[in-house]
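Every chain is numbered from 1, with letters handed out A, B, ... down the list of sequences. Note that these values count all heavy atoms, side chains included, but never hydrogens, waters or copies made by symmetry. Predicted, not measured: the structure shown is a model, and the values here were computed from it.
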There are 2 protein chains.
Amino acid sequence: MSGVAATGISVLLVDDHPIVRQGYRRVLESQGDLHVVAEADNAADAYGAFKAHDPDVVLLDISMPGASGLEAIRNIRARSPRARILVFTMHNEAVLVKAAFGAGASGFVTKSSEPSAVVTAIRSVARGERAMSDDIAHILAEDSLSAGSALDQLGEREIEILRQFAGGATTEQIASHLNLSVKTVQNYHYLIKTKTGARTDAQLVRLAASRGLTRI
Amino acid sequence: MSGVAATGISVLLVDDHPIVRQGYRRVLESQGDLHVVAEADNAADAYGAFKAHDPDVVLLDISMPGASGLEAIRNIRARSPRARILVFTMHNEAVLVKAAFGAGASGFVTKSSEPSAVVTAIRSVARGERAMSDDIAHILAEDSLSAGSALDQLGEREIEILRQFAGGATTEQIASHLNLSVKTVQNYHYLIKTKTGARTDAQLVRLAASRGLTRI
DNA sequence: TTGCTGCTCGGGCAATTTTCCCAAGCCGGA
DNA sequence: TCCGGCTTGGGAAAATTGCCCGAGCAGCAA
């Protein structure tokens, strides 16, 4: 019912860089069993292309500017639960990986992976299996040992403090805004970091921004 | 004297993502007159590959983790002033572009460019001309009109450190990536904050993100 | 050539912050 | 009632920051 031929795997390519897209296309098509049936350069077009071509696998770069790739995943999965989405990005942060799987992705590979690993992942995902590259597995494993899930585990106060912090407020400003002692804000700051698994403030800001807690 | 055939343009490909490299290779080779004679996945190997193959053009992604791509440019140019280096990256911040040209690059194209524009740029650079994609020209033009942002006051080392910091790297990671002492990275961190006027790390991340130094 | 200037690199050290561990009050649920 | 989680903060050692400094080196101008 899907794809081009009974013997091939049809792929929808979503990446905002034309030449990168074209590169993938050629790499995949050289495999013989993989066929790129459509391309999209942004999250918004991704679902339209999906509907039009019903591919076996969506190869999706979630580091597109502006629109959230996670949005695209959720979008496609909401309307076509059988869609297989393989996320392909240069980012390798645990929170991102988990968010992608949480949104409905079937696999996650980094751009540092060998082309053969990507091709293997595409075939796995097409068979309905879950796939991820070795480095991603490593990161998730480490992450599961240490602590963290993402922002969902934060309390109301923690979310508010994280929002103000990510917005650029100093500890003193947050304390006075919320009528707290500086010490309490510092303690929250530390708690938020441990809960989210962020190792630096920058990671915290990125996390908050990627989840819509703050705009940049 | 250089390249493979008298009628072709030989290219050295430097990018840290294997599949992206392979994609470029196929795109370029399909042109007929372009031949990828070598690849490298980091700045350190780039010069060795250059020496070994003496390519007409080096296609270099300067957004590689750790090592500064600018370093690679200067490295190659210092030993082989006739080298033609085409910088190819997803970043489009004016300071980066200027730094690249300042380091000796012959051209600058973004990954948002059409493949045909990249190919055209390679041919221009091989002829000894300067080349840049339309969006880069636009950015430089606008930049020359505007009074200059806070980021323009930063040196290239500072830019590189800010990029890695905003990307979520810890001080230790940056230090080891760049072969610097932790103390030096800390000093740069402080200097960057004072130069840009950022009072918190979060503000620094926001600044970097808003200027395209990092994506969120 | 000499000097100046700017970038890079790091030491030093006091002040501040971070990192953890802890306790206490409050509130909702079992 | 008791338990667990949230909120609020103290304490103290470890780490980082803020700001000062000097050295090396490249470019550049006089």
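Judged by distance alone with a 3.5 Å cut-off, a donor-acceptor contact links the side chain of Lys183(B) to the base of dG18(D). Residue side chain Asn187(B) does not reach the base of dC9(C) through any donor-acceptor N/O pair under 3.5 Å, judged by distance alone.
As rounded to whole Å, 11 Å separates atom P of dT18(C) from atom NE2 of His189(B). Rounding to whole angstrom units, OH of residue Tyr190(B) and P of dC13(C) are separated by 18 Å. Straight-line distance from the CZ atom of Phe165(B) to the P atom of dT17(D): 8 Å, rounded to whole Å. Atom CG of Asp201(B) and atom P of dT17(C) are 13 Å apart (whole Å). Straight-line distance from the NZ atom of Lys195(B) to the P atom of dG6(C): 10 Å, rounded to whole Å. For Ile192(A) and dT19(C), the CD1 to P distance is 12 Å, given to the nearest whole Å. Atom CD of Glu156(A) is separated from atom P of dC26(C) by 19 Å (rounded to the nearest Å). Atom CZ in Arg199(A) sits about 11 Å away from atom P in dT16(D), given to the nearest Å.
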Item to check | Val87(B) vs Ile73(B), side chain to side chain contact (heavy atoms under 4.5 Å, CB included): CA-CA, chis, key distance, verdict | outcome: CA-CA 9 Å; Val87(B) 176; Ile73(B) 298 176; 3.7 Å; yes
Item to check | Full working for side chain to side chain contact (heavy atoms under 4.5 Å, CB included) between Gln31(B) and Ile122(B) | outcome: CA-CA 11 Å; Gln31(B) 295 297 312; Ile122(B) 291 177; over 6 Å; no
Next on the checklist: Quick one, Arg26(A) with Ser30(B), criterion side chain to side chain contact (heavy atoms under 4.5 Å, CB included). Give me CA distance, side-chain angles, the key distance, then yes/no.
Outcome noted: CA-CA 10 Å; Arg26(A) 286 161 189 274; Ser30(B) 75; 3.3 Å; yes
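Taking the six-membered ring where the residue is Trp, Phe101(A) and Phe108(A) present tilted rings, their angle falling between 30° and 60°.
When heavy atoms are screened at a 4.0 angstrom cut-off, Ser181(B) is found touching the sugar-phosphate backbone but no base atom. Across all strands, Glu172(A) comes closer than 4.0 Å only to sugar-phosphate atoms, never to a base (heavy-atom distances).
Phosphate proximity of dG10(C) to Thr184(B): present, with a side-chain N or O under 4.0 Å from OP1 or OP2.
In the set dC20(C), dT8(D), dT8(C), dT8(C) carries the atom at the smallest distance from any side-chain atom of Tyr188(B).
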